[in-house]
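Structure first, then comments.
Not measured: the values here are computed from a predicted model.
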Amino acid sequence: MRTDICDRLGIEFPIFAFTHCRDVAAAVSNAGGLGVLGAVGFTAEQLEVELAWLDEHVGDNPYGVDLVIPSKYEGKGIDGLSPEQLEAELAKHVPQGHRDFAEKILADHGVPKLPEEEVHPQLLGWTATTAAPQVEVILRHPKAKLVANALGTPPPEFVSQIQESGRLIGALCGSVKHALNHKDAGLDFVVCQGTEGGGHCGEVSSLVLWPQVIDAVGDLPVLAAGGIGDGRQVAAAMAMGAAGAWTGSIWLTVEEANVPPAQMKTYIDATSHDTIRSRAWTGKPARMLRNDWTDAWESADTPDPLPMPLQMMVALDGVKRGHRYPEAAKDVNFNPVGQVVGMMNKTERSADVMNRLVEEYVTACERLNKLNDSV
């Protein structure tokens with residue numbers, strides 16, 4: 001199961017776990033994989049706290065950090081502004097009608113408002129301007145060995161800055177075109193995510209997309225993502241030539257996940273048919289559980305979602321209120337998750353999930369070897 005990227009990172013298994021919870025990231029890194037902490041929800045100051053905690057809890061093991069710097073977004077190219085100034089400038093382009101509509105959805109479902117001191121910031125890491133301070137934080141932590149960008153090819157200055165520090169940098173892709181853009185930019189790896197995956201994704205299924213991207217980028221390592229929930233799927237990806245498996249959704253229902261009980265039950269009870277690709281939260285198509293929030297923005301007589309990051313400036317209040325009041329927000333919460341949610345039927349420890357993935361991978365390979373031996 002060991003591939004070259006394992007040696008480059010100093011990990012035992014090429015299993016990568018994207019998560020917004022530091023406890024999960026640490027548990028996966030300590031179990032031989034690589035925990036990758038999603039940074040988009042943190043200010044630079046908060047990210048410093050999270051990474052310092054990880055440094056103390058992963059021993060000699062590495063971890064990764066995932067950023068969100070879209071290749072295309074409203075306001076790209078506005079230079080010389082601080083994050084606060086950029087937010088103020090972009091806020092001018094958010095119609096009040098969109099804010100009123102979002103507030104009505106939450107009010108109709110009885111979701112209380114946040115205390116005033118928790119309302120800002122609205123952008124966080126959704127632009128290059130706001131992500132730059134996060135990169136500076138990452139570079140202060142030697143155990144952060146990998147950086148991934150969730151949306152498009154990262155800016156050249158970030159690529160050189162991260163690589164010159166001795167870290168690996170890669171990016172997610174949902175098409176061959178995007179993968180080749182990453183290769184041309186000199187990235188160290190690509191994460192190829194099929195439409196089954198949670199969060200931002202394209203329209204092509206993993207089983208079709210993985211081999212196309214692997215063939216297109218040649219010797220550039222490809223981490224397969226989108227719909228991976230057990231070791232059989234890891235084996236399938238590796239059989240196609242992937243250098244490892246990038247997982248995300250399955251870590252939402254582990255014991256260490258900072259997911260409120262009401263939201264956890266929503267995930268465990270859901271089937272693979274309950275997801276939808278929607279622009280209702282971020283402005284770009286992302287897979288999540290369908291609920292009253294996504295339905296409201298899909299209606300013909302309601303506002304259309306705004307481009308990124310304007311839609312998140314509208315929706316972030318709903319995200320935060322959902323975290324604080326999960327019981328009240330259970331029908332309008334932000335639940336990004338892939339179609340693999342239909343396989344997430346119980347709560348497990350992160351280390352047990354890692355062990356299971358490896359054991360299932362070995363069993364799948366043994367099954368194939370028996371078929372070969374019988375020929």
Distance (rounded to the nearest 0.5 Å) between [X] [atom1] and [Y] [atom2]:
X	Y	atom1	atom2	result
Leu172	Asp66	CG	CG	6.5 Å
Arg8	Leu168	CZ	CG	4.5 Å
Asn258	Leu252	CG	CG	11.0 Å

Which pairs would a plain distance check flag for residues 354-361, meaning a side-chain donor or acceptor within less than 3.5 Å of a matching protein atom at least two apart in sequence or in another chain?
{"unit_1": "Asn355", "atom_1": "ND2", "unit_2": "Ala351", "atom_2": "O", "d": "3.3"}
{"unit_1": "Arg356", "atom_1": "NE", "unit_2": "Glu348", "atom_2": "OE1", "d": "3.2"}
{"unit_1": "Arg356", "atom_1": "NH1", "unit_2": "Gly229", "atom_2": "O", "d": "3.3"}
{"unit_1": "Arg356", "atom_1": "NH1", "unit_2": "Glu360", "atom_2": "OE1", "d": "3.3"}
{"unit_1": "Arg356", "atom_1": "NH1", "unit_2": "Glu360", "atom_2": "OE2", "d": "3.4"}
{"unit_1": "Arg356", "atom_1": "NH2", "unit_2": "Glu348", "atom_2": "OE2", "d": "3.2"}
{"unit_1": "Glu360", "atom_1": "OE1", "unit_2": "Gly231", "atom_2": "N", "d": "2.7"}

Does [X] reach the side chain of [Y], with side-chain heavy atoms less than 4.5 Å apart?
X	Y	result
Cys201	Arg277	yes
Val137	Glu45	no
Gln339	Arg287	yes

| request: Answer yes if the side chains of Thr347 and Glu255 hold a donor-acceptor pair under 3.5 Å, and no otherwise. | output: no

| said: Checking side-chain polar atoms at under 3.5 Å, does Asn30 have a donor or acceptor matched by the opposite partner on Asn61? | reply: yes

| said: Just to verify, what does Lys143 make a salt bridge (charged side-chain N to carboxylate O under 4.0 Å, His left out) with, not counting sequence neighbours? | reply: none

Output side-chain donor-acceptor pairs under 3.5 Å for residues 51-60, partner residues at least two apart or in another chain, one line each.
{"unit_1": "Asp55", "atom_1": "OD1", "unit_2": "Tyr63", "atom_2": "OH", "d": "2.8"}
{"unit_1": "Asp55", "atom_1": "OD2", "unit_2": "His141", "atom_2": "ND1", "d": "2.6"}
{"unit_1": "His57", "atom_1": "ND1", "unit_2": "Trp53", "atom_2": "O", "d": "2.7"}

| Residues two or more places apart in sequence or in another chain: which of them pass side-chain hydrogen bond (donor to acceptor under 3.5 Å, both in side chains) with Ser350? | Glu256

| task | Could you go through the side chain to side chain contact (heavy atoms under 4.5 Å, CB included) check for Trp297 and Val314 one step at a time? | result | CA-CA 12 Å; Trp297 289 94; Val314 172; 4.3 Å; yes

| task | Apply the test side chain to side chain contact (heavy atoms under 4.5 Å, CB included) to residues Glu196 and Thr275: give CA-CA distance (whole Å), side-chain angles for both, the deciding distance (0.1 Å), then the verdict. | result | CA-CA 9 Å; Glu196 300 95 325; Thr275 69; over 6 Å; no

Any donor and acceptor pair, going by atom type alone, linking the side chain of [X] with main-chain N or O of [Y] inside 3.5 Å?
X	Y	value
Arg321	Val111	yes
Thr302	Ala296	yes
Ser29	Ala26	no

| query | Would Asn335 and Asn333 count as a side chain to side chain contact (heavy atoms under 4.5 Å, CB included) if you check the C-alpha gap in whole Å, the side-chain angles of each, and the deciding distance to 0.1 Å? | reply | CA-CA 6 Å; Asn335 297 311; Asn333 219 336; 4.0 Å; yes

| query | How close do Ile138 and Ala144 get, heavy atom to heavy atom, and via which atoms? | reply | CG2-CB, 4.0 Å

Can you give each donor-acceptor pair under 3.5 Å made by side-chain atoms of residues 218-227, sequence neighbours left out, with the distance rounded to 0.1 Å?
none

| field | Selection residues 322-357 - residue pairs positive for ring-ring contact (aromatic ring centres under 6.0 Å, His included), sequence neighbours left out | value | Trp281-Phe334

| request: Go through Thr247 and Val234 one step at a time and tell me if the side chain to side chain contact (heavy atoms under 4.5 Å, CB included) criterion holds. | output: CA-CA 10 Å; Thr247 57; Val234 175; 5.7 Å; no

